[in-house]
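A quick write-up on the structure given underneath.
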Amino acid sequence: MEIISTEFENLFIMDYGSYKDNRGEFVKTIHKQTFDQVGLESVFTESFYSVSSKNVIRGMHYQNPPEDHAKLVYVLTGAIIDVILDIRKNSKTYGKYLSVELSENNRKGIYIGKGFAHGFLALEDNTTVEYHTTTSQHKESEAGIRYDSFGFDWNVVNPVMSDRDLAFQKFSETTSLF
């Protein structure tokens, strides 16, 4: 496993080693000592996975303090464009975003620190995305930013989205608690 820095503080691309043989494939996604070397939180309190069809957009989600969390995201099957938006007011990268393809073929993941909004576009049917978070889901702290309000081109004409995600405020109208 290689942890690759980005221009964003506390946002890392995870390059997982994939070990294949006649039995199939083996991928290690969490290793405490490796996380500790870079200063990443490695105790996750909750884990989820979603299964999405092609052209589904989920996001842009985050959880407000004090229930905010770091998140580890990777793809088990299929492929996504993962999008992370910096919403930390005092960050030099505030309002900027990073996008990266995560797939079952490239076996990359993303470690998202506190203070980022997160979403993704499924590029294939039956795409399974797994998420690990350092705090548990807290409905009263959940928030989001409208997917089309911060300058990212999702490159999809008719995205499939939830009513909840479509109702999020635009980035310019959002007051960050970070």
Side-chain angles (χ1 to χ4, degrees), residues 1-54 56-63 65-88 91-94 96-138 142 144 147 152 154-155 178:
M1 169 188 318
E2 182 182 2
I3 299 176
I4 302 165
S5 297
T6 67
E7 71 172 295
F8 297 81
E9 183 180 346
N10 214 13
L11 181 61
F12 299 88
I13 295 171
M14 313 300 285
D15 194 354
Y16 296 120
S18 174
Y19 307 97
K20 296 180 183 180
D21 63 19
N22 62 327
R23 302 168 294 171
E25 182 179 23
F26 180 82
V27 180
K28 184 188 298 187
T29 58
I30 299 171
H31 185 251
K32 182 179 179 353
Q33 289 79 5
T34 304
F35 279 39
D36 287 349
Q37 288 173 354
V38 183
L40 304 183
E41 292 183 63
S42 61
V43 177
F44 298 96
T45 62
E46 201 161 42
S47 181
F48 307 87
Y49 72 87
S50 63
V51 180
S52 301
S53 300
K54 184 176 181 177
V56 165
I57 294 178
R58 295 180 187 261
M60 299 289 293
H61 305 141
Y62 61 96
Q63 199 158 277
E67 303 297 331
D68 52 334
H69 51 236
K71 185 185 293 187
L72 180 66
V73 180
Y74 51 87
V75 170
L76 298 173
T77 60
I80 64 172
I81 297 298
D82 208 44
V83 182
I84 304 94
L85 172 66
D86 190 345
I87 59 172
R88 301 168 298 171
S91 169
K92 66 180 182 179
T93 51
Y94 174 76
K96 292 185 178 182
Y97 57 82
L98 174 77
S99 66
V100 61
E101 183 173 331
L102 308 179
S103 74
E104 68 180 294
N105 294 323
N106 72 16
R107 290 299 184 215
K108 291 185 179 179
I110 193 99
Y111 181 96
I112 305 165
K114 296 175 180 179
F116 291 91
H118 171 253
F120 67 83
L121 166 66
L123 300 175
E124 300 176 10
D125 286 332
N126 297 309
T127 293
T128 304
V129 179
E130 186 157 351
Y131 324 68
H132 300 280
T133 58
T134 58
T135 62
S136 295
Q137 185 178 19
H138 189 260
E142 291 180 349
Y147 79 104
F152 181 73
W154 293 87
N155 200 25
F178 294 92

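In this text, all values refer to a predicted model and were calculated from it rather than measured experimentally. Atom set for the values below is all heavy atoms of this structure, side chains included, hydrogens, waters and symmetry mates excluded.
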Spell out, as yes or no, whether a donor-acceptor pair under 3.5 Å connects the side chain of [X] to the backbone of [Y].
{"X": "T93", "Y": "E7", "result": "no"}
{"X": "D86", "Y": "S91", "result": "no"}
{"X": "Q63", "Y": "S136", "result": "yes"}
{"X": "R107", "Y": "V75", "result": "yes"}
{"X": "E101", "Y": "A79", "result": "no"}
{"X": "D82", "Y": "F120", "result": "no"}
{"X": "T128", "Y": "L76", "result": "no"}

Over all atoms of both residues, closest heavy-atom pair of [X] and [Y]:
{"X": "S42", "Y": "D36", "value": "OG-OD1, 3.9 Å"}
{"X": "K114", "Y": "D68", "value": "CD-OD2, 3.4 Å"}
{"X": "S50", "Y": "Y131", "value": "OG-OH, 2.9 Å"}

Using the ring pair (Phe, Tyr, Trp, His ring centres under 6.0 Å) definition, which of the options F44, Y111, F48, Y49 pairs with H132? F44
[X] atom [atom1]: more than 12 heavy-atom contacts under 6.0 Å:
{"X": "E142", "atom1": "CD", "result": "yes"}
{"X": "Y19", "atom1": "OH", "result": "no"}
{"X": "Y94", "atom1": "OH", "result": "yes"}

Please examine the side chains of V83 and Y147, heavy atoms only from C-beta on, and report whether any two atoms are closer than 4.5 Å. no
Going by distance alone, is a donor N or O of one side chain under 3.5 Å from an acceptor N or O of the other, for E25 and S18? yes
Any donor-acceptor pair under 3.5 Å linking the side-chain atoms of S52 with those of T127? no
